[in-house]
Amino acid sequence: MINKYEFGIPFETDAVVKQIKKASGIPKGVQINCDNGFSFKCKIDSDTIVYGLGQSIGGINKRNHLYSSFCSDDPSHTEEKQSLYGAHNFIIIHNPSDSKSDRAFFFDYPGKISFDIGYSKIDEIYIYAERSDIALYEILPELEENKNPLINIVYQFRKLIGQSYIAPLWAFGFMQSRWGYKTEADIRNVYESYKKENIPLDSICLDIDYMKDFKDFTVDKDRFPELKKFSDDLKTKGIRLVPIIDAGVKIEDGYDVYEEGVENNYFCKKQNGENFVAGVWPGKTHFPDFMQKQVRHWFGQKYKILTDMGIEGFWNDMNEPAIFYSEDGLSEVVEALKKMDTTNLDINSFFQFKDNVYKISNSIDDYKRFYHQCVQNNKSVAVNHYDIHNLYGFNMTKSAGEELASIRKGKRTLLFSRASYIGMHRYGGIWTGDNASWWSHLALEIKMMPSLNMCGFIYSGADIGGFGCNSNRELLLRWLAFGIFTPLMRNHSALGTRNQECYQFENTIDFKAIIEVRYRLIPYLYSEYIKACVNSTLMFKPLSFVFTEDSRCLEIEDQLILGDEVMICPVCNENAKGRVVYLPEDMIQVRFKADGTIEQQEVKKGDIYINVPLNEVVFFIRKNHIVPIVNACENTDSLDYSTIALLGDVNGTNSYLLYKDDGVTTEIDMTSNIVELK
Ligand code: MIG
């Protein structure tokens, strides 16, 4: 059951697809105050667990931390950070001792909103926003038919926000990326190096350097003289190119995207009616006003320039939007600095000086300097960006998603975004942004997967190996051994960091062993992915969502249930030869050895230590469940479903329902595309 409450005049964010009649009053047992902004308080017991919040720092259990939804380009994801790139205002309050009283809340509010989950007061959730215009959805479990309250809450929420974006099958192949590939020769070298080491690969990303002077929808002819020919040629080898698109449009006379945008008033404006100027990679840019339907149509149609060159996938970046500086902000800072007598700064003035410079990028002042033209209640109104900040990346990706659907009629396109808001999950996936080559970030990415799934983001994954900082062989292998399970499996790294392609390290055969396990699992992973999207279920679940009577499972944050069959338990400690795994029930341990053989053995419930060499993958299959695998192959084009073999509890009576289709047409038929395997 879903109750909708409205306070003030909520902004129509398009997060929700289902019309719910608004209820009067407020949810039971909570305190809401709208006098000075919005505040929501409710008590929690000492054993209450709070799930949700999608992409964020912290655990699967969000307690004890302060979070803030405000899409942020902050590449330093340290523990104290409150905001990452996404804004996913959904929480589930779970009472393990009385799960029937579980409930969830979705705060449909497009501006900055903070979640104090037992941080200020140990027994209180306190949620607050500067404005009191908010739509609040309360989700209560439907308890008939012995439904699992947590899974049922997620199901209802996902129905409310609509079906998740569905990626093509090839997007489940391994993807290599790096900020720094500049030319066709660089890309060809990546392909050839993987080929030489016999490591499977499906796609290579083009980061910003493929563009001419970082102009969206242009290609630098010196670096990529014939992108179409190159892309067609790579496709015959099973490799697809995935170019990046940035939010800002370079200001340059003669550049058609810029000129059309200016002519038609498609860019975000300042209060005085001038186009807002932000400094990003291309230099001075304007931001398309993605809140306008005609702008979404116009910008989205530009992707055709690249699909005409054979491109079938994109990643949308810098769409928080990231602002290095604004023209106005910069001149204010320069003025302020000029006023300071830098020859004789006292210490406080020095820090003021430093702060002035430091706060130039992604500043709140800048977000308050520009406006969107939005349709609200069927009327066109100017809305300050700051108030709807979290909708920008969403609408950039909606623009691409909607238009690509018409450009590539009937065919799926790979699309993933950096910034997001709930609702965007219908148009694209996300990657989790600029993490670092830290072991703690491997652990963090594991925890994020189920939280993202709760919020509708199923096609997602991290920069494997870590984006910032220097990775190393062991970290990359361990990260890959987790990444083989996530829909988006991409190795990506930042300019200036150590080269991180698998072939840069010793004994590449170990990388081949791990990545081949991915390819052997693709039919299963793809099938589970489609089921999660279509049936509004979680592809990755915390153990506590499944083993509801087992209190140990409430604490486990480094093991996940994948689909209904598998329990994964990645190694995320440095120099570890293995790890302790908790088995809530007897299971079948599956070990993929480096030589391609598979060992299976029954294991009793309880704590066990498993040995996991760097070139092996170990996971568990639940009793009465089976998992299909296929032979290893070099890319998804050569996946051979005729080689299906079954793992797990194979006894002729247990079966697995495999979803299988051509991997590209948009129609998903859950009847004729299902094969029963036993
Ligand atoms: O300011 O395009 O998150 O994946 O490699 C950095 C360069 C801009 C940030 C993205 C990252 C990408 C990088 N971009």
Side-chain angles (χ1 to χ4, degrees), residues 55 71-77 81 83-86 175-183 186-187 190 203-220 223-224 241-250 278-285 287 306 313-326 360-363 366 392-393 396-397 414-420 424 428-438 441 444-445 448 460-471 479 483 486 488-501:
Q55 184 181 14
C71 297
S72 302
D73 170 26
D74 179 349
S76 176
H77 309 170
K81 290 294 162 66
S83 310
L84 294 177
Y85 307 85
M175 190 182 294
Q176 180 61 55
S177 183
R178 180 171 171 84
W179 177 13
Y181 300 153
K182 283 199 159 59
T183 62
D186 291 344
I187 302 292
V190 173
S203 52
I204 305 174
C205 288
L206 301 178
D207 208 320
I208 47 175
D209 294 301
Y210 81 89
M211 294 183 251
K212 175 77 184 145
D213 302 326
F214 308 125
K215 284 180 290 196
D216 281 339
F217 313 111
T218 68
V219 176
D220 187 319
R223 296 172 176 183
F224 292 87
L241 294 173
V242 181
I244 195 171
I245 304 291
D246 279 0
V249 169
K250 185 174 173 66
V280 207
W281 290 110
K284 290 187 179 179
T285 68
F287 289 139
L306 290 154
F314 298 91
W315 47 312
N316 283 344
D317 191 19
M318 306 300 276
N319 52 7
E320 292 71 28
I323 302 178
F324 294 161
Y325 67 88
S326 77
I360 291 179
S361 294
N362 302 321
S363 103
D366 282 341
Y392 195 76
M396 177 187 184
T397 301
L414 171 60
L415 182 60
F416 56 102
S417 172
R418 194 170 70 177
S420 63
M424 201 207 84
I430 54 171
W431 90 99
T432 53
D434 298 350
N435 60 11
S437 299
W438 298 340
H441 277 183
L444 177 65
E445 302 286 358
M448 248 188 283
S460 57
D463 285 351
I464 292 173
F467 176 75
C469 307
N470 294 327
S471 199
W479 208 321
T486 60
L488 168 63
M489 182 192 181
R490 180 174 78 147
N491 176 341
H492 181 48
S493 54
L495 190 71
T497 60
R498 179 182 186 181
N499 290 328
Q500 186 174 298
E501 297 83 6

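Counting starts at 1 for both ligands and their atoms, following the listed order.
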ring-ring contact (aromatic ring centres under 6.0 Å, His included) between Trp281 and Phe324, intermediate numbers included: CA-CA 8 Å; Trp281 290 110; Phe324 294 161; 5.0 Å; yes

Donor-acceptor side-chain pairing of Glu445 and Asn435 below 3.5 angstrom: yes

Considering all heavy atoms, the nearest Gln55-Gly86 contact: OE1-N, 3.1 Å

Counterpart residues, ring pair (Phe, Tyr, Trp, His ring centres under 6.0 Å), relative to Tyr325 (two or more places apart): none

Salt bridge Asp73-Arg418, side-chain N to carboxylate O under 4.0 Å: yes

Charged N-O contact under 4.0 Å between Asp74 and Lys81: yes

N/O to N/O under 3.5 Å, ligand 1 against protein:
residue, atom, partner, partner atom, Å
ligand 1, 1 (O), Trp281, NE1, 3.0
ligand 1, 2 (O), Asp207, OD1, 2.5
ligand 1, 3 (O), Arg418, NH1, 2.9
ligand 1, 3 (O), Asp434, OD1, 2.4
ligand 1, 3 (O), Asp434, OD2, 3.4
ligand 1, 4 (O), His492, NE2, 2.8
ligand 1, 5 (O), Asp207, OD2, 2.5
ligand 1, 5 (O), His492, NE2, 2.9
ligand 1, 14 (N), Asp317, OD2, 2.8

